[in-house]
Amino acid sequence: MLDVPGRIAVNLRDGRIRRSLALIALTSAVASSVLVALVIGGAMALDPGAWIESRVTWMPDWLADSVVFVVATLGAMALVWFTFVIIVQTVASLFLDGIVSRVEETDYPHLPPAKGTTVAEDVLASLRFVGWLLLVNLAATSLYLVAILIPGLSIIVFWIVNSLLFAREYAEIVSLRRLARRDSDAWRKRHRWRLLASGAVITAGMSVPLLNLAMPVIAAIAMTHLFHRKSDAAN
């Protein structure tokens, strides 16, 4: 049997999974583009160029408008950079149960049918995760600011915080299809360090442009194999 990276490579060649990956990437890219357009359009509608011209009389109109456009574009790009993970994760939530199901169907055909989840449950779970992602990172902001004083520490703190969140999210996506909540929590606790390592890899992948489009799919596939390859996983 191939190791987990090998199985991920095989699963990514599956037609149904590739279609889901393409839809996630396309929808996320479109949503991000719309967000950029809305931010830039909103900034230009406020006409900050006129405010600059009224206070910096020596600046030509065309230069003031150019400055506003550049600042708005950079601001929009920064906004997208920080919100892109949320966008991709929210979009991916509509496909992840089907991806896990497909991996189980092709790699673990001996398993009995899973109860699975509904679209409504997937969306609610994704919104809950996004809420936790925002709340925990906002709560950790002061810690991030303190960590800036020590080179590299803020990155480590960010990595640990988000690794915990991603590990929990993807472990639940897979385990709750077949285990009761209590059993799922117990399984996560038994494998907390392995899951934390997986969450760290997911966090790293989510930080890389373009790779972050595919990372939810890769993470779901990897967590499916991790769950079923543990001897104590109830199937």
Side-chain angles (χ1 to χ4, degrees), residues 1-29 84-119 121-123 125-126 129-130 133 162-179 184 187-188 190-235:
M1 180 180 289
L2 293 174
D3 57 9
V4 172
R7 289 311 311 168
I8 293 174
V10 171
N11 294 139
L12 287 174
R13 291 198 292 269
D14 183 273
R16 281 168 52 181
I17 292 178
R18 281 189 299 171
R19 282 193 293 274
S20 296
L21 175 56
L23 285 171
I24 292 170
L26 179 61
T27 305
S28 300
F84 194 69
V85 170
I86 295 174
I87 292 173
V88 174
Q89 189 65 38
T90 303
V91 172
S93 68
L94 302 175
F95 300 88
L96 294 182
D97 187 69
I99 290 169
V100 174
S101 177
R102 180 59 176 170
V103 173
E104 291 182 341
E105 178 185 328
T106 57
D107 289 52
Y108 307 95
H110 62 283
L111 294 175
K115 62 183 178 66
T117 58
T118 65
V119 173
E121 289 173 336
D122 291 338
V123 172
S126 178
F129 172 67
V130 167
L133 195 66
N162 288 281
S163 295
L164 289 168
L165 290 171
F166 279 118
R168 181 187 181 96
E169 170 70 2
Y170 281 91
E172 289 190 347
I173 285 172
V174 176
S175 63
L176 287 177
R177 299 180 75 253
R178 295 186 174 274
L179 301 178
S184 172
W187 181 81
R188 284 192 299 102
R190 284 195 295 274
H191 302 287
R192 60 173 65 88
W193 297 113
R194 187 183 294 270
L195 293 175
L196 179 59
S198 299
V201 173
I202 296 170
T203 301
M206 286 291 193
S207 303
V208 179
L210 296 183
L211 178 59
N212 52 17
L213 288 167
M215 204 60 211
V217 175
I218 295 172
I221 295 172
M223 196 62 73
T224 303
H225 289 299
L226 174 61
F227 176 73
H228 289 298
R229 291 191 178 197
K230 300 312 296 176
S231 60
D232 63 339
N235 297 318

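Only this structure's heavy atoms are used, side chains among them; waters, hydrogens and symmetry mates stay out.
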Set of salt bridge (Lys or Arg N to Asp or Glu O under 4.0 Å) partners for Arg16, sequence neighbours left out | Glu105
Any side-chain heavy-atom pair from [X] and [Y] closer than 4.5 angstrom?
| X | Y | result |
| --- | --- | --- |
| Leu165 | Glu169 | no |
| Phe166 | Met223 | no |
| Phe95 | Arg19 | no |
| Ile173 | Asp97 | no |
| Ser28 | Leu213 | yes |

Under the side-chain hydrogen bond (donor to acceptor under 3.5 Å, both in side chains) rule, collect the residues that match up with Thr90, sequence neighbours excluded.
-> none
Closest approach of [X] to [Y] (non-hydrogen atoms, all atoms of both residues):
| X | Y | result |
| --- | --- | --- |
| Asn11 | Ile17 | O-CD1, 3.4 Å |
| Ser175 | Ser184 | OG-OG, 2.6 Å |
| Asn212 | Pro216 | O-CD, 3.4 Å |

Please answer whether the main-chain N or O of [Y] pairs with a side-chain N or O of [X] as donor and acceptor at a distance below 3.5 Å.
| X | Y | value |
| --- | --- | --- |
| Thr224 | Ala220 | yes |
| Thr106 | Val103 | yes |
| Arg178 | Pro112 | yes |

Contact list for residues 4-24, test ring-ring contact (aromatic ring centres under 6.0 Å, His included), sequence neighbours left out =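 Qualifying pairs, neighbours excluded: none.
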Given side chain to side chain contact (heavy atoms under 4.5 Å, CB included), test Arg102 with Asp14 step by step and report yes or no.
-> CA-CA 9 Å; Arg102 180 59 176 170; Asp14 183 273; 2.9 Å; yes
[atom1]-[atom2] distance between [X] and [Y], expressed to the nearest 0.5 angstrom:
| X | Y | atom1 | atom2 | value |
| --- | --- | --- | --- | --- |
| Ser207 | Met215 | OG | CE | 10.0 Å |
| Leu12 | Arg7 | CG | CZ | 11.0 Å |
| Ile24 | Ser93 | CD1 | OG | 9.0 Å |
| Trp187 | Leu179 | CH2 | CG | 8.5 Å |

So which of Arg177, His110, His225 actually passes side chain to side chain donor-acceptor pair (under 3.5 Å) with Glu104?
->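 Result: among Arg177, His110, His225, Arg177 is the only option passing the side chain to side chain donor-acceptor pair (under 3.5 Å) with Glu104.
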Evaluate the side chain to side chain contact (heavy atoms under 4.5 Å, CB included) criterion for residues Ile99 and Leu21: first the C-alpha distance (whole Å), next the side-chain angles of each, then the deciding distance (0.1 Å), finally the verdict.
-> CA-CA 9 Å; Ile99 290 169; Leu21 175 56; over 6 Å; no
Before giving the answer on side chain to side chain contact (heavy atoms under 4.5 Å, CB included), spell out for Leu96 and Tyr170 the whole-Å C-alpha distance, their side-chain angles and the decisive distance to 0.1 Å.
-> CA-CA 9 Å; Leu96 294 182; Tyr170 281 91; 3.9 Å; yes
Are His191 and Phe227 close enough that their ring centers fall under 6.0 Å?
->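 No; Phe227 has its ring centre 6.0 Å or more from that of His191.
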Could you go through the side chain to side chain contact (heavy atoms under 4.5 Å, CB included) check for Arg192 and Leu195 one step at a time?
-> CA-CA 5 Å; Arg192 60 173 65 88; Leu195 293 175; 5.8 Å; no
No-hydrogen, no-angle side-chain donor-acceptor test under 3.5 Å, His228 and Asp107 | no
